[in-house]
Enquirer: 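Here you go, one structure.
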Amino acid sequence: MSQHHAQTRTTAVILAGGTGQRVGLSIPKQLLKIAGKAVIEHTLAIFEQSDAIDDVIVLMAPGYVPDVEKIVAKAGLKKVSRVIEGGATRNETTERAIAALSEGLAPGEDSNVLFHDAVRPLISERVIADCVTALERYEAVDVAIPSADTIIVTRTHGGDGEFITEVPDRSRLRRGQTPQAFRLSTIRRAYEVAGGDPNFQATDDCSVVLRYLPDVPIYVVPGDEHNMKVTTPVDVFIADKLFQLASTAAPGQSDEAAYRELLAGKTLVVFGGSYGIGADIAAMAEGYGAKVFALGRSTTGTHVEDPEHVDDALSRAYAETGRIDYVVNTAGVLRIGKLAETDNATIEEALRVNYLAPVQIARAAHKYLAETRGQLLLYTSSSYTRGRAEYSLYSSTKAAMVNLTQALADEWVGDGIRVNCVNPERTATPMRTKAFGQEPAGTLLSSEAVARTSLDVLLSTLTGHVIDVRQQDPMQGLSGASGIERALAHVLAQGEDEQ
């Protein structure tokens, strides 16, 4: 944490004054649902998580303040201190924010402020942190990215349409994003000077500083290509897809002692625990002092597709230890073949084991996990993002696991239960060997590596996430790569990745 931040309060101002006319909506676009949540909720959640931000103020379109207050209360966003009605113009909205921020300050006291568009819900914590760090040296900071497109300047010629007048050098052109960050005293002074100009009109805040405080340098922080602004119907679609693909890295524990401390006295139930990833998770957790019940067809005669077997296993674990903290399901079947040539029994088995069983496990585990505020962990495969030939049953049931995870994470948030989904790339398991035979050494992930990440997920505060486990993370060299960056890398890197 920077020294400057330790002394200076940093507030994020979320500008949500837009009315959504460009998207042709009856509600403001920041209230549109993308990936199951209002756009503004995604945006606020990122600022909530950022260590660089102390508090958040929202300036909302007139008439919609109660809608945002409801979202904030339901999502439990603790940093949002106020939701204020925005003005008729961008200038007026910023001025209201400046006035609100200036209220509590002692004479001569200053603070940092980041203005961010509510309709940029894919902002990364890296950009936020970079802006706050830059404010230690500079009074004004913008965020921008190079333009991949050629930018042209045009003029309209009568009724004949538009014609090019200039093609500026692309190497110096940048596309502006938000946040735009300032020392509060600087942006306040810029607006005071601008107030004396009868023709004052601004679409962004850095241009106010540039025009009215020309001596103040404005530093540029590199933005992110995916920090897009949701303004048109196609943006809504693209943003939804990016959220769907976003994967998360599980935070690992500091050392072996931390695992022991976190797992001692905990009860873990593993379905699909006879061999492979499930058996490794069971062995690892037991080694750290957890009480583990590993259940499988070949070891305990447990058939996950039988709801009675699932109920019995859970009630036995509960009767023995008086609690269930974690329920893991790694059971799955992989049958490769053309659907038209697949018999009914094979189809039934795939659906019962890969889909119905996790549904039954989730339903049966709910009451136990609500008691401990525990976690359910499911597994998917990289083919969930795009079904593949001869994998129709496997791909489609694995896509369902991602959807089930996200739905249950939302449904159970009030019960304090976390639900996550691990997405391992090709892993050396008996199931895989049975389907593909022996494969070249070193081309597969070890089941132990997947088990270690699974434990990290169980011990984390994550919920509703897809966690990728890759042999070589394509984003490795990019520090602080966001879920979206990993998602894009994951799409580019997709080969025959299977659990």
Side-chain angles (χ1 to χ4, degrees), residues 244-253 259 262-263 268-273 275-285 290 292 294 296 304 325-334 353-355 357-359 361-362 365 369 374-385 394-395 397-409 412 417-432 444-473 475 483 486-487 489-490 493-494 497-499:
Q244 182 191 351
L245 291 171
S247 61
T248 309
Q253 296 307 314
Y259 287 102
L262 289 164
L263 284 163
L268 171 66
V269 178
V270 183
F271 293 99
Y275 52 76
I277 296 166
D280 287 339
I281 292 171
M284 231 175 242
V292 178
V304 286
D325 299 273
Y326 308 112
V327 175
V328 175
N329 178 46
T330 63
V333 290
L334 170 56
V353 175
N354 291 353
Y355 182 70
V359 167
I361 288 167
L369 295 175
Q375 185 176 158
L376 171 67
L377 189 60
L378 303 173
Y379 286 75
T380 187
S381 132
S382 64
S383 63
Y384 86 86
T385 56
Y394 189 72
S395 290
T397 52
K398 287 301 176 181
M401 286 310 96
V402 173
N403 214 301
L404 183 66
T405 296
Q406 292 161 339
L408 291 179
W412 293 356
I417 303 173
R418 297 182 308 289
V419 188
N420 290 297
C421 192
V422 169
N423 178 28
E425 70 172 350
R426 298 172 300 165
T427 307
T429 63
M431 177 180 85
R432 186 174 174 89
L444 302 179
L445 261 176
S446 72
S447 57
E448 294 84 4
V450 180
R452 168 73 61 186
T453 298
S454 301
L455 269 194
D456 288 336
V457 175
L458 290 174
L459 299 176
S460 75
T461 57
L462 297 173
T463 189
H465 286 271
V466 177
I467 294 94
D468 278 350
V469 191
R470 307 191 68 81
Q471 213 175 357
Q472 272 155 340
D473 189 344
M475 299 307 292
R486 273 192 297 275
H490 158 79
Q494 267 197 47
D497 299 6
E498 290 313 327
Q499 183 193 327

Enquirer: Could you tell me whether the side chain of N329 and the main chain of I361 form a donor-acceptor pair under 3.5 Å?
Expert: no

Enquirer: Please answer whether the main-chain N or O of M284 pairs with a side-chain N or O of E448 as donor and acceptor at a distance below 3.5 Å.
Expert: no

Enquirer: Rounded to the nearest 0.5 Å, what's the gap from CG on L404 to CG on L378? Could you check?
Expert: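 L404 atom CG to L378 atom CG measures 6.0 Å (nearest 0.5 Å).
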
Enquirer: Using modelled atom types and a 3.5 Å cut-off, is there a donor and acceptor pairing between side-chain atoms of T330 and backbone atoms of G272?
Expert: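 Yes: the side chain of T330 pairs with the backbone of G272.
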
Enquirer: Do D456 and Y259 get their side chains close enough for a donor-acceptor pair, meaning under 3.5 Å?
Expert: yes

Enquirer: Do R418 and Y326 form a cation-pi contact, if we require the NZ or CZ to be under 6.0 Å from the six-membered ring centre and within 45 degrees of the ring's axis?
Expert: no

Enquirer: Just by modelled atom types, is the G464 backbone N or O under 3.5 Å from a matching donor or acceptor in the N420 side chain?
Expert: yes

Enquirer: If you compare all heavy atoms of V327 against all heavy atoms of L369, which two are closest, and at what distance to 0.1 Å?
Expert: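 Shortest heavy-atom separation between V327 and L369 comes out as CG2-CD2, 4.1 Å.
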
Enquirer: For the side chain to side chain contact (heavy atoms under 4.5 Å, CB included) test, which of V466, L458, V457, V328 pairs with V422?
Expert: V457

Enquirer: Nearest 0.5 angstrom please: N423 CG to M401 CE, how far?
Expert: 13.0 Å

Enquirer: If you look at every heavy atom in V469 and A449, which pair is closest and at what distance?
Expert: CG1-O, 4.3 Å

Enquirer: Please report the interatomic distance OG(S381) to OH(Y394), rounded to the nearest 0.5 Å.
Expert: 5.0 Å

Enquirer: How close do G273 and A294 get, counting heavy atoms only, and between which atoms?
Expert: O-CB, 4.0 Å

Enquirer: Are the side chain of T453 and the backbone of V450 linked by a donor-acceptor contact shorter than 3.5 Å?
Expert: no

Enquirer: Give the minimum heavy-atom separation between V304 and A357, together with the two atoms involved.
Expert: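 Scanning both residues, the minimum pair turns out to be O-CB, 3.4 Å.
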
Enquirer: If you compare all heavy atoms of V270 against all heavy atoms of G278, which two are closest, and at what distance to 0.1 Å?
Expert: CG1-O, 3.7 Å

Enquirer: For K398 and Y379, indicate whether the former's side chain and the latter's backbone hold a donor-acceptor pair under 3.5 Å.
Expert: yes

